[in-house]
Amino acid sequence: MVALLMVLIEALLSGLLEYMDSMLLNLVPMAFYADEFLDQMLGRAVISDLFDILFYFGVSLIILKFIKKGFDTYILWIDGDADTDPILFLTYLVKALVVAISFPTLYGWMATIVQDLTDKLLNIISRGVTADFSVIVVGIISGGIVPGIIGLIFFGCLLFLYIKFLQTGLEILVLRLGIPLACVGLVDSDQGVFKTYMQKFFQAMITVMLQIALLKLGIALVMNGHLIWATATILMAIRTPKFLQEFIILAGGQGGVMGKAYQATRLVQMFRGVMR
């Protein structure tokens, strides 16, 4: 029975070897520039066209909201304070337009900074360590049934982490697409949903950096024979978004049910702000 189970584990691990090497290639660019990979896989510039459509749509909403809010405030006197300096109100419009127009450039700078920081972390973690998954599998199989089961869990978590990593890359892409719409909130004095939107954006980027670092650390640990520590590291990498959410999104002691209610309220405010 044990021998049959070991044969099954070896077959599963050997099958995973076909994907392991490709999984570690271009992780950072795949997360920060998922649109380029999607356009390449689709064979046409679908995502690039979506960027253009949503940009013009968002700019149009910014201008329309500025006109409507100005009319309600200074003509009808039904919204805001009519004694507010119109120049201040105009600065909200300029700020919203500047952020919407310049965000692709600002995002490029931010992605470069995070990528450089991630590369430095990876150089420190993987210094002197060469990932050879075939050697890892041979070492796991030769260790017996217990290391075999733990090794299967490790590689299963590694594959699941890669899928979650792709999901985070798609989240960043969706957030980038929606930036012109989020900038509509900047027309309001309280910035609308823009502040919460950017918090989610930074959470996703920090998640990418930490998950890649923990992934490399787990591989370095398993290469040095610490399989249990490596599995714990990969599990921590999977939990990273939830771990960061407690500090970035739910600041000010809002956790549990209250935190979920807060996020739901902000989401409703986003749509109401866009439609208003």
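All values reported here derive from a predicted model rather than from experimental measurement. Values below: all heavy atoms of this structure, side chains included; hydrogens, waters and symmetry mates excluded. The first residue in the sequence is number 1, and the count goes up from there.
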- [ ] Not counting sequence neighbours, which residues clear side-chain hydrogen bond (donor to acceptor under 3.5 Å, both in side chains) with Ser48? List them please.
- [x] Asp39

Rounded to the nearest 0.5 Å, how far does [atom2] of [Y] lie from [atom1] of [X]?
{"X": "Leu42", "Y": "Phe37", "atom1": "CG", "atom2": "CZ", "result": "13.5 Å"}
{"X": "Gln167", "Y": "Lys164", "atom1": "CD", "atom2": "NZ", "result": "4.0 Å"}
{"X": "Leu93", "Y": "Cys183", "atom1": "CG", "atom2": "SG", "result": "11.5 Å"}
{"X": "Gln40", "Y": "Ile47", "atom1": "CD", "atom2": "CD1", "result": "13.0 Å"}
{"X": "Ile172", "Y": "Lys200", "atom1": "CD1", "atom2": "NZ", "result": "10.0 Å"}
{"X": "Ile113", "Y": "Thr118", "atom1": "CD1", "atom2": "OG1", "result": "11.5 Å"}

Going by heavy atoms in the side chains, are [X] and [Y] under 4.5 Å from each other?
{"X": "Leu181", "Y": "Tyr197", "result": "no"}
{"X": "Phe201", "Y": "Met110", "result": "yes"}
{"X": "Thr91", "Y": "Lys95", "result": "no"}
{"X": "Met198", "Y": "Ile179", "result": "yes"}
{"X": "Phe165", "Y": "Val208", "result": "yes"}
{"X": "Val99", "Y": "Phe194", "result": "yes"}

Between [X] and [Y], is there a shared hydrophobic cluster once you connect ILVMFWY residues whose side-chain heavy atoms come closer than 4.5 Å?
{"X": "Tyr56", "Y": "Ile101", "result": "yes"}
{"X": "Ile67", "Y": "Phe57", "result": "yes"}
{"X": "Leu215", "Y": "Ile228", "result": "yes"}
{"X": "Ile62", "Y": "Leu106", "result": "no"}
{"X": "Ile163", "Y": "Val174", "result": "no"}

Please report the closest heavy-atom contact between [X] and [Y], naming both atoms and the distance.
{"X": "Ala111", "Y": "Met205", "answer": "CA-CE, 4.0 Å"}
{"X": "Phe55", "Y": "Pro180", "answer": "CA-CG, 3.7 Å"}
{"X": "Ile234", "Y": "Gly218", "answer": "CD1-CA, 4.4 Å"}
{"X": "Gly169", "Y": "Ala34", "answer": "O-CB, 3.9 Å"}
{"X": "Ala237", "Y": "Pro241", "answer": "O-CD, 4.2 Å"}
{"X": "Thr168", "Y": "Ala204", "answer": "CG2-O, 3.7 Å"}

Look only at the side chain of [X] and the backbone of [Y], and say whether a donor-acceptor pair between them is shorter than 3.5 Å.
{"X": "Gln115", "Y": "Pro29", "result": "no"}
{"X": "Tyr107", "Y": "Phe32", "result": "yes"}
{"X": "Arg176", "Y": "Phe103", "result": "no"}

Task: Test applied, side chain to side chain contact (heavy atoms under 4.5 Å, CB included); reference residue, Leu38; option that passes from Leu173, Leu50, Val46 - done: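 When Leu173, Leu50, Val46 are each tested with Leu38, the side chain to side chain contact (heavy atoms under 4.5 Å, CB included) holds only for Leu173.
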
Task: Test applied, side chain to side chain contact (heavy atoms under 4.5 Å, CB included); reference residue, Ile238; option that passes from Leu158, Leu214, Leu161 - done: Leu161

TODO: Answer yes when Arg44 and Asp49 have at least one side-chain N-carboxylate O distance shorter than 4.0 Å, and no when they do not.
DONE: no

Task: Under the side-chain contact (heavy atoms from CB on, under 4.5 Å) test, residues paired with Ile53 that sit two or more places apart - done: none

